[in-house]
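What's counted below: heavy atoms across the whole structure, side chains too, no hydrogens, waters or symmetry copies. Note that the coordinates shown come from a computational prediction; the quantities given were computed from them, not determined experimentally.
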Amino acid sequence: MAALGKRSIWSWCRSRFLRIAVVPLLTVLVCAVSADQTEEYLKREHSLTKPYQGVGSSSSSLWDLMGSVLVTPQYVRLTPDQQSKQGAVWNRMPCYLRDWELQVHFKVHGQGKKNLNGDGFALWFTKDRMQEGSVFGSKHNFVGLGVFVDTYPNEEKQHERIFPYVSAMVSNGSLTYDHSRDGRPTELGGCTAMVRNLNHDTFLVIRYVKRRLTVMIDIDGKQEWRDCLDVPGVRLPRGYYFGASAATGDLSDNHDIISLKLYQITVERTPTEEKADKEVFIPSVDNMKLPGVEDAAESMSGFALFLIIFFSLLGLVFAGVILLIVYNKWQERSRKHFY
């Protein structure tokens, strides 16, 4: 009986060990394997990584250069630390992914002291590509998504935020980025990000999953993502282009892109979500009125109201004519019957 009791206790301990120690360990291993599989979804046709072989110089390259860009084996410099420079790099391949994540490894550095540097750089997912302009080296009336790393405050008497500042904007072409006000009237959200002259790596990630736009930063050297902005109801069409641009003015900085890595994100959707997830043709944000969309909607609703009133009046007139005809016929029959 004693031996049986010992075996029973041993069996109980072994089962408890399997349940408490082994099962969680297997769970961790499975999660680790699943996490490693993310690499399988790296979309190389939309990614820019070392050693940048053929970038901008080969007809087979997937990336085009514009402006003052310098390609080295270690980085792609969008602008040097010199005044009045603009540069950009654009992917040649349109992206048709429904859910994606863009991981950006960058470095901003220069000789200027605090608030004596500028202007910053932008990351794009837009309908048009390779078009110079006043918004960090790209066009101001863009169609799509822009994420901005603004390193200099242009707006005077601005005390509500600390620069450098990261923000995002969605436009259908009717909105313009107001550089004099640091894009505040049209931004979806943002955060302070002290990214200049750091001795460790700095990263930014743009995640677009299930119509939700999330921007996170890793700039403290701790290999931890920190939330910057999270906006639901963002509707971006497919077939747009990824790019990065930067600009300097009277003040300057080196704006370096070390890598752009695009990942395809696979997520499950319920039948209801699939039905609601219709194809998008014009960029928009739920509960945010974009001028072009608003005007079109107002003009359409006004026209619809006009049609309703017009046909209602026409129906009343038609009904009146019918009633008049019926009344006249009734009177004629009444007269004949009387005589």
Which pairs pass salt bridge (Lys or Arg N to Asp or Glu O under 4.0 Å) with one or both residues in residues 101-113, sequence neighbours excluded?
-> E101-R207
Determine which pairs satisfy salt bridge (Lys or Arg N to Asp or Glu O under 4.0 Å) with at least one residue from residues 142-151, sequence neighbours left out, and list them in order.
-> none
Distance in Å, [X] [atom1] paired with [Y] [atom2], rounded so as to fall on 0.5 Å steps:
| X | Y | atom1 | atom2 | value |
| --- | --- | --- | --- | --- |
| M216 | L204 | CE | CG | 9.5 Å |
| S167 | D182 | OG | CG | 8.5 Å |
| I162 | M194 | CD1 | CE | 7.0 Å |

With sequence neighbours left out, write down each residue that passes ring pair (Phe, Tyr, Trp, His ring centres under 6.0 Å) with Y52, or none if nothing qualifies.
-> none
How would you list, by chain and number, every residue that makes a ring pair (Phe, Tyr, Trp, His ring centres under 6.0 Å) with Y75, sequence neighbours excluded?
-> none
Where [X] and [Y] come nearest, the two heavy atoms and their spacing:
| X | Y | result |
| --- | --- | --- |
| M66 | W90 | CE-NE1, 4.2 Å |
| A193 | I217 | CB-CD1, 3.8 Å |
| S61 | G54 | CB-O, 3.1 Å |
| V280 | I282 | CG1-O, 3.4 Å |
| G118 | T151 | CA-OG1, 3.5 Å |
| L123 | A244 | CD2-CB, 3.9 Å |

Tell me, do [X] and [Y] make a side-chain contact under 4.5 Å, heavy atoms counted?
| X | Y | answer |
| --- | --- | --- |
| L213 | L188 | yes |
| D99 | T266 | no |
| M169 | L145 | no |
| V205 | W225 | yes |
| I206 | V147 | yes |

Test side-chain hydrogen bond (donor to acceptor under 3.5 Å, both in side chains) applied to S60 and S58, step by step | CA-CA 5 Å; S60 61; S58 171; 2.8 Å; yes
Angle class for the [X]/[Y] ring planes (parallel below 30°, perpendicular above 60°, tilted otherwise)?
| X | Y | result |
| --- | --- | --- |
| F125 | F242 | tilted |
| Y177 | H179 | perpendicular |
| F106 | F121 | tilted |

Just checking, any donor-acceptor pair under 3.5 angstrom between side chains of [X] and [Y]?
| X | Y | value |
| --- | --- | --- |
| T272 | T270 | no |
| S174 | N172 | yes |
| N254 | D81 | no |
| T176 | H140 | no |

Passing option when Y208 is tested against Y263, Y240, W100 for ring pair (Phe, Tyr, Trp, His ring centres under 6.0 Å) =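 For Y208, the ring pair (Phe, Tyr, Trp, His ring centres under 6.0 Å) test succeeds with only one of Y263, Y240, W100, which is W100.
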Any chance you could lay out the side-chain contact (heavy atoms from CB on, under 4.5 Å) test for L262 and L97, step after step, and finish with the verdict?
-> CA-CA 10 Å; L262 185 77; L97 300 178; 4.0 Å; yes
Just to verify, what does [X] make a salt bridge (Lys or Arg N to Asp or Glu O under 4.0 Å) with, not counting sequence neighbours?
| X | result |
| --- | --- |
| K127 | none |
| D286 | R235 |
| E274 | R98 |
| D218 | none |

Intermediate values then yes/no, side-chain contact (heavy atoms from CB on, under 4.5 Å), H255 and R77 | CA-CA 6 Å; H255 297 100; R77 178 157 293 170; over 6 Å; no
With respect to H109, which candidate in D253, D256, N197, N117 satisfies the side chain to side chain donor-acceptor pair (under 3.5 Å) definition?
->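 When side chain to side chain donor-acceptor pair (under 3.5 Å) is applied between H109 and each of D253, D256, N197, N117, only D256 qualifies.
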Quick one: does any side-chain atom of [X] pair with a main-chain N or O of [Y] as donor and acceptor, under 3.5 Å?
| X | Y | value |
| --- | --- | --- |
| S245 | F136 | yes |
| S47 | K43 | yes |
| T248 | K85 | yes |
| D220 | K222 | no |
| S171 | G144 | no |
| S138 | G133 | no |
| E224 | I219 | no |

Using the side chain to side chain donor-acceptor pair (under 3.5 Å) criterion, which residues pair with [X]? Sequence neighbours excluded.
| X | value |
| --- | --- |
| W63 | none |
| D230 | R212, T214 |
| R92 | D64 |
| D119 | none |

If you draw the axis of the six-membered ring of Y241, does the NZ or CZ of R129 fall within 45° of it and under 6.0 Å from the ring centre?
->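 So R129 does make the cation-pi contact.
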Derivation and outcome, salt bridge (charged side-chain N to carboxylate O under 4.0 Å, His left out), residues E155 and R184 = CA-CA 10 Å; E155 187 175 11; R184 294 183 65 182; 3.5 Å; yes
May I ask you to check whether over 12 heavy atoms, not counting those of E279, lie within 6.0 Å of atom CD?
->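 Yes, enclosed.
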Does a sphere of radius 6.0 Å around CD in Q111 hold more than 12 heavy atoms from other residues, nucleotides or ligands, not counting ones at 6.0 Å or beyond?
->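 Result for CD/Q111: open.
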May I have the step-by-step check of side-chain contact (heavy atoms from CB on, under 4.5 Å) for K210 and E273, ending in yes or no?
-> CA-CA 9 Å; K210 288 187 175 182; E273 289 175 330; 3.4 Å; yes
Is the distance between the ring centroids of F148 and W124 less than 6.0 Å?
->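 Aromatic pair counts; centres sit under 6.0 Å.
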R211/D277 under salt bridge (charged side-chain N to carboxylate O under 4.0 Å, His left out): CA gap, chis, key distance, verdict = CA-CA 8 Å; R211 308 298 186 196; D277 192 19; 2.7 Å; yes
Verdict with reasoning, K50 to I258, per side-chain contact (heavy atoms from CB on, under 4.5 Å) = CA-CA 7 Å; K50 298 177 184 179; I258 299 169; 3.7 Å; yes
